[in-house]
Protein chains: 2
Amino acid sequence: MPRTLPEPSVDSFDLTVILSALADPGRRALMTALFRSSEPVDCAVIVEEADLGLSNPTISHHYRILREAGLIRSVADGRKRIVRVRREDMETRFPGLLQAVLGGH
Amino acid sequence: MPRTLPEPSVDSFDLTVILSALADPGRRALMTALFRSSEPVDCAVIVEEADLGLSNPTISHHYRILREAGLIRSVADGRKRIVRVRREDMETRFPGLLQAVLGGH
DNA sequence: CCAATCATTCGATCGTTGTCGAATTATCAT
DNA sequence: ATGATAATTCGACAACGATCGAATGATTGG
């Protein structure tokens with residue numbers, strides 16, 4: 001049942017797109033929350049943790065940006081979305097980047 | 001004689017500002033060229049190396065963004081500007097970030 | 001089937017940003 | 001002084017991006 005939403009292959013990762021995605025504070029808050037748990041998580045839980053004051057359309061938009069940048073994988077399971085950080089893929093292409101951006105505090 | 005242009009203190013570094021600065025391909029090209037030489041360099045030389053197809057006002061603008069983000073130090077010496085990466089300061093606040101962004105290619 | 005739920009898409013707004021040409025400033029060399 | 005050189009500032013413009021409310025889509029539970 002669950003289908004993985006469209007995402008870029010590791011080879012087509014684009015540093016400009018990735019850094020633009022990470023440059024937004026809201027998206028970085030989502031990523032930081034996601035980065036803490038290495039397990040796939042219900043995206044709504046992450047939204048609660050991050051506690052941004054943003055509307056649903058905006059949150060959805062941010063998740064899309066993160067996904068299309070290759071930072072996260074998003075799996076549609078029923079009405080829910082299960083998300084996780086693409087750690088290994090990121091590590092392959094840009095080693096140390098996620099740690100440097102999200103690791104500190 | 002030479003005067004250092006205004007720049008943020010290490011304490012006031014802002015990751016959003018830094019990532020936004022690094023998200024632009026042109027600025028990243030400048031940074032990559034700068035990152036290679038650890039010595040202060042005439043900024044015009046870097047511009048040649050980077051070989052962007054941009055006007056002088058735009059280059060100047062990009063240098064300003066990098067400086068105001070805390071990524072580079074810019075010293076006015078006569079008509080020239082001597083620039084260098086603020087490696088240690090960046091390493092203090094965001095260890096591994098510059099390496100992750102500029103190191104690979 | 002119907003209603004509730006979770007997420008996305010659409011359309012609009014509005015601030016931000018990259019870019020340039022022209023004008024300006026500052027400095028150096030003659 | 002005068003003119004040449006390096007860089008910045010200014011004013012403009014187009015493109016982009018973050019945001020929202022409303023509408024739509026998809027799925028689950030009764």
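All heavy atoms count here, side chains included; hydrogens, waters and symmetry mates do not. Every chain is numbered from 1, with letters handed out A, B, ... down the list of sequences.
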Sugar-phosphate only, base, or nothing, as touched by B/A44 at under 4.0 Å among non-hydrogen atoms: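 If one applies the 4.0 Å heavy-atom cut-off, B/A44 turns out to touch the sugar-phosphate alone, with no base involved.
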Sugar-phosphate only, base, or nothing, as touched by A/D77 at under 4.0 Å among non-hydrogen atoms: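 A/D77: no heavy atom of the nucleic acid under 4.0 Å.
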What is the distance, rounded to the nearest whole Å, between atom [atom1] of [X] and atom [atom2] of [N]?
X: B/R3; N: C/dT25; atom1: CZ; atom2: C1'; result: 11 Å
X: B/R67; N: D/dA7; atom1: CZ; atom2: P; result: 14 Å
X: B/R79; N: D/dT8; atom1: CZ; atom2: P; result: 14 Å
X: B/I82; N: C/dT27; atom1: CD1; atom2: P; result: 14 Å
X: B/K80; N: D/dT5; atom1: NZ; atom2: P; result: 11 Å
X: B/D42; N: C/dC28; atom1: CG; atom2: P; result: 13 Å
X: B/E68; N: C/dT17; atom1: CD; atom2: C1'; result: 14 Å
X: B/R64; N: C/dT19; atom1: CZ; atom2: P; result: 16 Å

Check against side chain to side chain contact (heavy atoms under 4.5 Å, CB included), A/D42 and A/R81: CA-CA 6 Å; A/D42 182 337; A/R81 299 291 179 272; 5.9 Å; no
N/O (side chain, B/R81) to phosphate O (OP1/OP2, D/dT8) under 4.0 Å: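 For D/dT8, OP1 or OP2 has a side-chain N or O of B/R81 closer than 4.0 Å.
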Heavy-atom protein contacts under 4.0 Å, nucleotides 14-20 of chain D, coded B base, S sugar-phosphate only, - none: ----SBB
Minimum-distance pair of heavy atoms, taken over all atoms of A/T16 and A/S20: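 That would be O-OG, 2.7 Å.
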Closest heavy-atom pair and its distance - A/A100, B/G96: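 Shortest heavy-atom separation between A/A100 and B/G96 comes out as CB-C, 3.9 Å.
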B/R27 to B/Y63, cation-pi by 6.0 Å centre distance and 45° axis angle: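 That pair does not qualify as a cation-pi contact.
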side-chain hydrogen bond (donor to acceptor under 3.5 Å, both in side chains) assessment of B/R84 paired with B/S38: CA-CA 7 Å; B/R84 93 188 103 188; B/S38 54; over 6 Å; no
Flag, side chain of B/T92 to backbone of B/E88, donor-acceptor distance under 3.5 Å: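 Between the backbone of B/E88 and the side chain of B/T92 there is a qualifying donor-acceptor contact (under 3.5 Å).
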Crowding at CD, A/E48 (>12 non-hydrogen neighbours, <6.0 Å):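 No - once you tally the heavy atoms of other residues, nucleotides and ligands closer than 6.0 Å, there are 12 at most.
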